[in-house]
Number of protein chains: 2
Amino acid sequence: MNESFKALADPTRRQILRLLREKDRTAGEIADYFNMSKPSISHHLNALKHAGLVQDERQGQFILYSLDTTVLEEVLGWFLEFTGTGKESETPSSTEPKPKQSKEKNKEVD
Amino acid sequence: MNESFKALADPTRRQILRLLREKDRTAGEIADYFNMSKPSISHHLNALKHAGLVQDERQGQFILYSLDTTVLEEVLGWFLEFTGTGKESETPSSTEPKPKQSKEKNKEVD
DNA sequence: TCGATATTTAAATAATTATCTAAATATATA
DNA sequence: TATATATTTAGATAATTATTTAAATATCGA
């Protein structure tokens with residue numbers, strides 16, 4: 001989930017998602033929308049892919065990218081739970097009822 | 001909006017928001033939940049504040065932080081629009097119908 | 001006013017991320 | 001098979017962000 005948040009924290013990457021929302025596109029086609037080298041776009045696409053936000057599929061010479069909404073909806077869920085718009089099932093409760101100086105490594109919660 | 005996304009892209013900051021969701025807390029109280037120096041937490045609180053995600057108010061010696069859900073709901077809106085869960089009003093359309101190599105600086109869209 | 005507590009700001013450094021050019025890989029086609 | 005096209009990987013560097021310790025600021029209470 002952290003990967004997804006980090007992937008979304010970049011304007012270029014959000015723009016790419018927007019482009020893919022319209023239709024699937026090849027890496028080169030995507031790159032043409034930006035003033036940035038193709039390797040840089042490739043790097044961003046890779047970040048999105050690792051976050052599970054897009055999928056890629058080779059089609060001959062080209063590599064076609066498409067949106068994967070699954071993870072996106074998980075993140076949406078995070079916001080719904082947070083803003084209280086969603087179902088009121090889970091009682092919100094922080095990691096510990098009382099402040100504590102645990103020296104343990106932060107365990108990923110979201 | 002970019003500020004908000006960047007602010008949300010950090011586990012510590014998301015945890016802080018979670019803590020503030022339960023109730024308002026002072027900077028020190030928040031810091032006690034983390035294995036991190038107070039200046040670091042102060043830095044994160046500042047990031048959240050700049051993003052408009054939290055507010056602060058001095059109360060005597062202490063500074064009380066509270067959640068500001070306004071921006072959070074804007075971000076939620078972004079996701080709703082994106083995942084198509086929201087109102088179908090706006091026709092999705094990328095910046096340009098056809099790819100173009102504009103050398104202009106990226107104008108912030110979201 | 002002085003000393004203690006709460007918090008932030010400053011300055012330095014470490015860690016992460018973004019970006020580029022050049023080279024490598026994969027596929028298509030002449 | 002050789003050449004061109006599409007894309008990624010490598011390696012280097014620049015830019016941003018996170019973190020720490022030390023110092024500064026603000027408030028409280030004796």
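Computed from a predicted model, the values in this text were never measured in an experiment. Order of the sequence lines sets the chain letters (A, B, ...), proteins ahead of strands, with each chain counted from 1.
- Between A/Ser37 and C/dC20, a side-chain N or O to OP1/OP2 separation shorter than 4.0 Å is present.
- Counting non-hydrogen atoms under 4.0 angstrom, B/Asp10 reaches the backbone sugars and phosphates but no base.
- In this structure, B/Met36 places its CE atom 13 Å from P of D/dT21, rounding to the nearest Å.
- Both A/Gly60 and A/Arg13 lie near DNA chain C, and the one whose nearest nucleotide falls closer to the 5' end is A/Arg13.
- Annotation: side chain of B/Tyr33 is in contact with side chain of B/Arg25 (closest heavy-atom distance under 4.5 Å).
- Contact of the A/Trp78 side chain with the B/Arg14 side chain is registered, since non-hydrogen atoms from C-beta on lie closer than 4.5 Å.
- For the atom pair NZ of A/Lys23 and CG of A/Leu67, the computed distance is 14.5 Å after rounding to the nearest 0.5 Å.
- Sequence order on DNA chain D of the closest nucleotides to B/Ala47 and B/Pro39 puts B/Ala47 first from the 5' end.
- A straight line from CZ of A/Phe34 to P of C/dT19 spans 11 Å, rounded to a whole angstrom.
- Between the CD atom of A/Glu29 and the P atom of D/dT5 there is a distance of 18 Å, given to the nearest Å.
- At C/dT17, none of the side-chain N or O atoms of A/His44 fall inside 4.0 Å of OP1 or OP2 (strictly under the cut-off).
- Side-chain N/O atoms of A/Thr26 include none lying less than 4.0 angstrom from OP1 or OP2 on D/dA6.
- Nearer to the 5' terminus of DNA chain D, by closest-nucleotide assignment, is the contact made by A/Gln61 (compared with the other of A/Gln61 and A/Lys38).
- Proximity of A/Leu8 to A/Leu53: side-chain heavy atoms (C-beta onward) are separated by under 4.5 Å at one or more points.
- Separating the NZ atom of B/Lys6 from the P atom of D/dA18 is a distance of 9 Å, rounded to the nearest angstrom.
- Contact annotation: A/Tyr65 side-chain N/O to D/dT8 OP1/OP2 distance is under 4.0 Å.
- Between B/Ser40 and the phosphate of D/dT20, there is a side-chain N or O to OP1/OP2 separation shorter than 4.0 Å.
- Residue B/Arg58 contributes atom CZ, which lies 8 Å from atom P of D/dA26 at whole-angstrom precision.
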